[in-house]
Structure formats: structure tokens, C-alpha cells
Amino acid sequence: MKIVATKSQKTKISMSGAAALVNCLIREGVETLFGYPGGAIMPVYDALFDQKEKIKHIMTRHEQGATHAAQGFARVSGKVGVCLATSGPGATNLITGLADAQLDSTPLVCITGQVPGKMIGSDAFQETDIVSISMAVTKWNIQVTKAKDIPAAVAKAFYIARSGKPGPVLVDITKDAQFEKAEFENYETCDQIRSYVPNPKLNEEALDQAAALINSARKPLILFGHGVLLSNAKKEFEDFVEKTGIPAAWTIMGLSALPTSHPLNVGMLGMHGNYAPNILTNECDVLIAVGMRFDDRVTGDVSRYAKQAKVIHLEIDPAEINKNVEADVPVLGNCKESLKALLDKVNENQHDQWLARFNELNAQEDEKVIKDELNPRADEPMSMGEVIKHISHISRGNAIIVTDVGQHQMVAQRYYEYANWKSNVTSGGLGTMGFALPAAIGAKFAAPHRQVIAVIGDGGFQMTIQELGVIFETKVDVKILLLNNEYLGMVRQWQDMFFEKRYSSVDMVNPDFQMIAKGYGIESEKVTEREKLEDSIHSFLSHEGSCLLEVMVGKENNIFPMIPTGASVSEIRLE
Amino acid sequence: MKEQFTISIYTENLIGILHRVTTIFTRRHINIESITASESEVKDIHRYTLVVSSTEDQIKKIVKQIEKQVDVFKAFYHKNDGIVYQEMALYKMPTKLLSQTKEVEYIVRKHHARLLAVEPDFTIIEKTGFKEETQELFEQLKPHGILEFVRSGRISISKPMKEFQEYFTEVEEASRL
């Protein structure tokens with residue numbers, strides 16, 4: 001049963017809805033998908049059995065793992081990540097991943113099985129109204145109850161997921177529609193929906209206004225986010241930064257869009273970002289936000305955010321304009337196109353004096369925070385920073401770093417020196433603990449020839465630890481760096497700073513992670529002494545196949561700088 | 001400052017869009033005071049009219065969030081002085097009340113209401129107007145014994161606005177870019 005399709009040749013072929021779905025996925029270029037079988041999606045799994053050579057199905061150990069794996073896959077490959085789940089609990093287990101993908105604009109298509117159409121609404125076994133449940137965390141969703149409607153729904157789903165501001169889409173298919181036989185014509189992809197404008201047309205006047213502001217600015221600052229990566233604006237962005245000579249700071253979703261070592265890369269914005277870009281946000285005269293959405297973790301108190309600056313906002317989504325920060329010049333459109341158009345209009349420039357201010361403040365941060373974090377005294381416990389320093393040095397900044405959520409996340413992003421494009425995969429908007437292990441698995445399937453390192457805390461590791469089963473089964477080469485401080489470190493830090501050290505439920509009573517790894521056939525090492533750290537990292541990174549390196553780090557280390565909640569970015573604390 | 005706004009939304013005629021739209025208000029703790037949904041002047045395109053109270057700044061953001069939904073063509077918001085609007089109310093009363101006393105008939109005439117149905121047991125009175133007017137009639141009829149009362153959501157037409165057809169063409173063209 002094959003559909004060989006060309007637009008000129010209309011072939012009608014009879015097959016089940018499930019087989020049609022699998023054919024649609026193949027036509028959309030899906031080669032790897034992640035999922036978990038169950039009663040209501042069994043016809044699709046049966047159809048997948050026939051297409052094993054074309055589509056590789058990775059069975060995660062939980063549906064949440066499938067969504068995060070698909071996210072990791074999408075973020076690294078630039079393609080749509082695809083998940084399968086059954087009805088009811090299978091479908092509801094996707095919700096965290098959908099919400100994560102929604103906030104981080106990650107293209108996903110999740111296909112869920114549903115109880116047969118005639119049973120919908122009867123509280124049937126494993127029935128949930130997943131379309132209603134997922135509405136708030138999807139860019140679009142649909143329920144399909146007839147086999148003949150499957151190809152159009154799938155085509156629309158892929159188009160919506162990957163176009164404009166990407167996002168997650170859910171297609172719920174009733175079991176009878178999966179079984180039902182229908183006549184299918186050649187699959188046609190979707191490239192237009194009459195009510196949907198994914199790429200707003202560039203406005204020449206706005207571009208001129210933006211260029212005029214940029215050309216006359218004395219203290220301009222670029223803030224770059226995920227939009228640069230999503231629009232594949234690597235060259236355009238670098239050219240723009242270099243031509244204008246403007247210092248550029250990143251949100252965690254924008255990290256790796258510009259090499260960390262680039263002379264105009266001035267570091268990380270926001271709550272645990274670098275001192276200089278935060279302080280100088282409230283001193284710049286023109287703020288150029290490129291593909292970022294002024295998240296509260298970036299802005300701090302928005303009423304005291306960059307009030308002195310003229311704001312230029314390059315953004316694909318009209319709903320983001322003026323949502324959190326008023327833009328003086330909104331430049332609607334795909335970042336790649338906007339940057340390309342702006343490049344012709346901006347002057348070559350240098351801002352040496354202004355850059356010197358960053359260097360001055362960087363030196364203060366280095367003195368007060370970075371030096372000690374990366375080079376603790378011999379009598380101090382190992383710091384997360386020094387571990388990341390070695391990882392960065394030994395991997396030469398070439399790895400894809402997949403981080404979980406917490407202190408280690410902030411440290412990895414601050415201190416890993418990213419040399420390559422699209423090398424940072426993290427849960428930025430939702431802050432999902434448990435993200436990294438499955439996302440790293442997805443990232444490795446997307447980029448088998450690159451080194452993938454999952455950096456995880458002891459808390460987050462245990463949230464999706466069952467996904468070690470995927471590594472065990474598939475032998476996927478994911479290096480797992482476990483930074484263990486036996487605490488929920490970030491929560492403990494807040495309790496330390498803002499709750500009078502009342503450490504409520506943050507102590508982690510951890511299992512023997514080596515024994516767990518062994519149970520899954522994964523080699524591991526535990527480092528408790530600094531003397532062994534560097535050598536252990538060398539063997540960890542050069543090990544053939546997946547392995548776990550557990551490093552015991554200082555229990556009560558805090559991550560600085562920090563902007564306390566509700567404070568202004570210029571109130572960032574170095575200690 | 002909170003004010004009353006009327007939001008008109010043009011959407012595809014598909015299952016679930018109303019849910020997507022109303023969720024946008026729920027999430028921001030904005031109560032929908034009334035809602036009317038029907039076919040619009042353009043075939044296969046539906047129009048929702050919602051009345052809410054909020055600040056203009058919030059409404060502007062909400063309208064963008066509504067337009068962001070894939071199956072929504074366009075959304076507009078207006079203050080009350082920018083639209084012509086009406087609501088309809090129906091009042092069910094015992095027929096014997098109307099036959100036994102002139103008082104109810106007098107009230108109905110005074111309010112320019114009309115009798116929609118007269119059955120042996122009940123009579124249905126209809127009144128179209130602003131909420132204050134239909135409420136006023138309700139208050140006056142109430143002492144005489146109202147069996148049932150219902151008021152529709154607002155329907156409205158804006159004063160200064162391009163025809164939706166024009167926007168529709170623009171959106172269709174933009175989606176093809």
C-alpha cells in the first residue's frame with residue numbers, strides 16, 4: 001500500500017485512516033517520531049509497523065518524555081517534532097510538553113487517539129476531552145472523526161506548527177476514524193489558510209524609522225531571542241551586529257544565536273543574567289529587541305524597564321507588540337527578512353566608548369562573582385561553575401547543551417562558551433523540571449553527529465528519570481552530567497534570600513544514581529573530589545556511548561547576579 | 001479606567017473557536033457580560049459580538065490575542081458611542097392578567113413593546129432596545145406577575161468602519177503572501 005504522489009497525477013487509493021495518517025507523516029518528511037502506544041491509538045501503531053523502514057518510532061517511557069524529546073528534536077533540527085499518544089491519560093500526559101512548546105515557540109504536532117466517535121461524551125473508558133483541555137496550550141487543535149478528513153487535518157497541522165511563530169498543534173483522531181477505510185487522493189501539503197497570516201508584510205516606513213533611530217543612537221543595545229534562531233537568521237543577525245557595532249545581549253532562548261566569544265556578545269539578560277547588560281538596559285538610548293518577547297524574567301519590574309530608551313521591536317507576532325513593553329517602532333515580520341532589509345539602511349558604526357562601559361561592569365561581575373564561581377578555593381566544595389568551565393573547555397564549546405531547570409541551568413548558560421549555532425536547548429518560558437533528559441534524547445536523534453550533553457540537577461533528573469529506558473533500548477549517545485547538590489537548589493536559594501532560610505521541602509533524599517544507571521546498562525562515575533574532576537570529565541566526554549557523570553557540588557551555593565522578583569533590572573545584585 | 005466595550009469577531013464557522021475566544025477572557029479574569037453569535041454578512045463566516053468591561057489598554061491586547069487565533073479573521077473593539085446597538089427581551093405573562101386589567105396593556109403601549117404570541121395560558125411580550133429600556137419594562141411588569149424573562153446578547157453595527165468584506169479581502173491576500 002503506497003501512495004506515490006505527484007500533483008499532476010491524481011491517484012485514488014483505499015486504505016484505513018491510520019494508514020493514511022502514516023502516509024501523511026511520511027509525506028511531511030517525518031522520519032523520527034516519539035510516542036507511547038495504547039488502546040485508542042493502536043490502529044496507528046499497527047500502520048506504523050508496515051512503515052518501519054521509513055519512520056523510526058522511539059518509544060519513550062512516559063508521554064511527557066515524548067513531547068520533550070520531540071521538542072529537543074525540533075529545536076536542533078529545525079523540523080516539526082512529532083508525538084503519538086493514546087486517549088485519556090496518554091493525551092493528558094502531553095499537556096506539560098505542549099505548554100512548554102507553546103511558551104518556547106517550538107513546532108510540534110501531537111497526534112492522540114480518541115475513543116470511537118459514537119462513544120464520545122459517554123465518559124467511556126480512557127475518554128477525555130483533550131481538544132478542550134489542550135486548547136489553552138496549543139497554537140491550534142482539532143478532532144477528526146472521519147477517515148477522509150485525516151489528510152487535510154494533518155496538512156493543516158504541520159503548516160500551522162511550523163509557520164509564522166511556530167507552536168504546538170494537537171490532532172485528536174477517533175479510533176473508528178483510524179479503522180475506517182476511505183478513498184484517499186495524493187496527499188497535498190497545506191501552504192495557506194485564509195484566516196491566518198503567519199508572516200506579516202514588512203513595512204518600509206517602520207524599517208526607515210528603525211534605521212534612523214539606530215543610525216543616530218549613541219548608546220544602543222540589541223536584545224536577541226529565539227526569533228533569530230527560529231527564522232534561521234544566522235548570517236543576517238551577525239552581519240547586523242557587526243555592521244552597526246552594537247553590543248548584543250541574549251535571552252536564554254536566544255543563546256547560541258551568536259557565539260559566546262563574539263566581541264559584541266555582552267552576555268545574558270534577566271534574573272540571573274550578566275551584570276552589564278542588565279544595568280545598561282536602563283542606560284541605553286535605543287533598545288533593539290530582535291525576536292524576543294520581553295518575558296518578566298528578562299524585564300524585572302516592567303514599569304521601571306528601559307524608560308529612557310526608544311524601543312525598536314522586531315517581531316513576527318503582532319500580539320507581542322506592546323504586550324509587555326511599549327515599542328516606539330514596531331517592525332513586524334520574520335526576523336530574517338527584517339534584519340536583511342534593515343542591513344541596507346543602517347550605517348557602519350562602532351561604539352567603543354559605550355562598549356567600554358560593558359567591559360567596566362563585566363570586570364566588576366568577574367571580580368565579585370565569576371572568578372570565585374569558576375575557581376573556588378581549594379577548601380571550598382566544587383562549584384557548578386567550575387564543572388561547566390571544564391565541560392566547555394574540553395568540548396571546545398562545540399556540544400549541544402540541553403539543560404533542565406534550576407541553578408545548574410543558569411550556570412550552564414552563563415559559563416558554557418557556545419561556539420555553534422542552535423546549540424542550546426532548554427525550557428525557557430515554562431521552566432519545566434524533567435525537560436532535559438528526554439529533550440537531550442530528541443536532540444541527539446536530530447543531530448547524531450554532534451555531541452549532546454544533558455546538564456541536570458538531582459531534582460529534575462528524577463522527574464523523568466524513566467527515560468533512561470530509551471537510552472538503554474536505543475543506545476542513543478547522550479552524555480548526562482548530573483550536578484548534585486542534594487537540594488532543590490533554586491528554591492532553596494529563594495528560601496535562603498527571601499524566606500529567612502526556612503528550608504521547606506527542598507532537601508532531596510536521593511537514591512544511588514550509579515545503581516540506577518547500572519540498572520539501565522548505562523556506565524557512570526561519581527566525583528566527590530576536585531582532584532578527579534577534570535580527568536573524569538575527559539573520560540565522560542570521550543566515552544563511547546551514553547554515560548552518566550555525577551558531580552557532588554556545594555550544597556548551599558547561590559547563583560549570582562540576581563534580580564529579585566519585582567525589582568528593576570538595574571537593581572541586579574552581585575551578592 | 002474600566003469602560004464598556006463591544007468586541008466584534010469574525011471567524012471561520014468551525015467547532016471550538018468560540019471556546020478558544022472565551023478562554024482568552026477567562027484567563028484574564030474578564031467577565032463576558034453578553035455574547036451573541038450568528039452568521040455574518042459573508043457566507044460561511046461567523047460573527048460574535050461580546051460585551052465586556054475593562055480598560056482600553058487591556059482590550060487592545062485582548063483583541064490582538066483573539067486575532068492571533070488561526071481561525072479568526074478579524075476582531076474590532078468599540079466604545080458605546082462608536083456603535084449602534086440593540087438587545088431584545090421577551091416577557092412571558094399570564095394571559096388573564098392582560099384580559100382582566102388595562103394596566104399591563106398600558107405599560108406595554110407606553111414602552112412601545114409588542115405582543116408576540118397570545119395563548120390561552122400565557123402571552124409573550126417583546127421589547128427591543130437598550131438594556132436600560134428592557135430592564136425598565138421588566139421592573140414595571142414585575143409587580144403584575146412575570147412568568148419568564150429573557151434578554152438577548154447585544155448585537156451591534158459600528159459607525160465608522162470599513163466593511164468587513166474589505167478586511168476579509170485584505171486578510172485573504174495577506175495569508176497568500
Side-chain angles (χ1 to χ4, degrees), chain A residues 102 105 120 129-145 149 152-153 156-157 159-161 163-172 190-203 293 315-326 330 332-334 337, chain B residues 7-30 40 42-48 54-77 164-177:
Chain A
Q102 175 88 329
S105 307
I120 287 177
D129 179 5
I130 193 61
V131 174
S132 294
I133 293 171
S134 65
M135 210 164 255
V137 290
T138 50
K139 184 173 173 187
W140 185 74
N141 63 8
I142 191 169
Q143 185 171 71
V144 184
T145 57
D149 297 332
K156 206 171 160 183
Y159 174 56
I160 292 168
S163 59
K165 184 174 190 171
V169 166
L170 183 135
V171 181
D172 190 42
C190 174
D191 56 11
Q192 185 211 327
I193 296 169
R194 64 178 189 164
S195 55
Y196 172 58
V197 184
N199 282 313
K201 199 178 164 188
L202 284 185
N203 179 325
R293 59 185 178 85
E315 171 61 48
I316 198 165
D317 178 2
E320 290 299 338
I321 301 292
N322 299 340
K323 189 178 86 176
N324 297 326
V325 169
E326 290 280 327
L332 269 175
N334 172 300
E337 290 166 17
Chain B
I7 302 174
S8 302
I9 305 159
Y10 290 83
T11 77
E12 292 282 10
N13 180 18
L14 294 173
I15 290 168
I17 304 174
L18 183 60
H19 188 170
R20 271 196 181 268
V21 167
T22 54
T23 307
I24 291 169
F25 293 90
T26 312
R27 186 175 167 193
R28 291 163 182 80
H29 284 230
I30 293 175
S40 75
V42 184
K43 191 173 178 292
D44 293 335
I45 292 178
H46 271 223
R47 175 176 177 155
Y48 308 151
S54 187
T55 61
E56 188 161 5
D57 181 50
Q58 177 82 299
I59 293 293
K60 275 185 191 167
K61 290 176 186 171
I62 284 175
V63 163
K64 283 187 187 176
Q65 294 293 334
I66 294 169
E67 284 187 339
K68 185 173 168 168
Q69 303 305 318
V70 170
D71 297 311
V72 171
F73 287 96
K74 192 76 195 164
F76 307 93
Y77 77 90
F164 172 66
Q165 285 273 16
E166 242 176 286
Y167 282 108
F168 177 51
T169 313
E170 279 173 23
V171 172
E172 271 203 316
E173 276 170 10
S175 72
R176 275 197 288 268
L177 282 175

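Residue numbering restarts at 1 for every chain, and letters A, B, ... go by the order of the sequence lines.
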Exercise for the section: Against chain B, label I193(A) side chain, backbone, both or neither, depending on which of its atoms sit under 4.5 Å from a heavy atom there. Expected result: both
Exercise for the section: Mind checking the CG-CD1 spacing from D71(B) to I160(A)? Nearest 0.5 Å is all I need. Expected result: 6.5 Å
Fill in the blank from the handout: In terms of heavy-atom pairs under 4.5 Å with chain A, the winner among R20(B), K60(B), E12(B), H19(B) is R20(B)
Fill in the blank from the handout: Looking only at E320(A), K165(A), K139(A), most heavy-atom pairs under 4.5 Å shared with chain B are made by K139(A)
Practice task
Taking all heavy atoms of G16(B) and all of M135(A), pick out the closest pair and write down the distance.
Solution key: O-CE, 3.5 Å
Handout entry: Part of I24(B) lying under 4.5 Å from any heavy atom of chain A
Key = neither
Problem - Heavy-atom proximity to chain B below 4.5 Å, by part of T138(A) - result: both
Problem - Qualifying residues under side chain to side chain donor-acceptor pair (under 3.5 Å), relative to D317(A), sequence neighbours excluded - result: K68(B)
Practice task
Quick one: closest heavy-atom pair of V70(B) and S195(A), and the distance?
Solution key: O-OG, 2.7 Å
Practice task
Please say whether more than 12 non-hydrogen atoms of neighbouring residues, nucleotides or ligands are located less than 6.0 Å from CZ in R27(B).
Solution key: no
Practice task
Among the options S132(A), A136(A), P198(A), pick out the one with the most heavy-atom pairs lying under 4.5 Å from chain B.
Solution key: S132(A)
Practice task
Counting only heavy atoms closer than 4.5 Å, note whether I45(B) contacts chain A via side chain, backbone, both or neither.
Solution key: side chain
Problem - Shortest non-hydrogen contact from K64(B) toward I321(A) - result: NZ-O, 2.6 Å
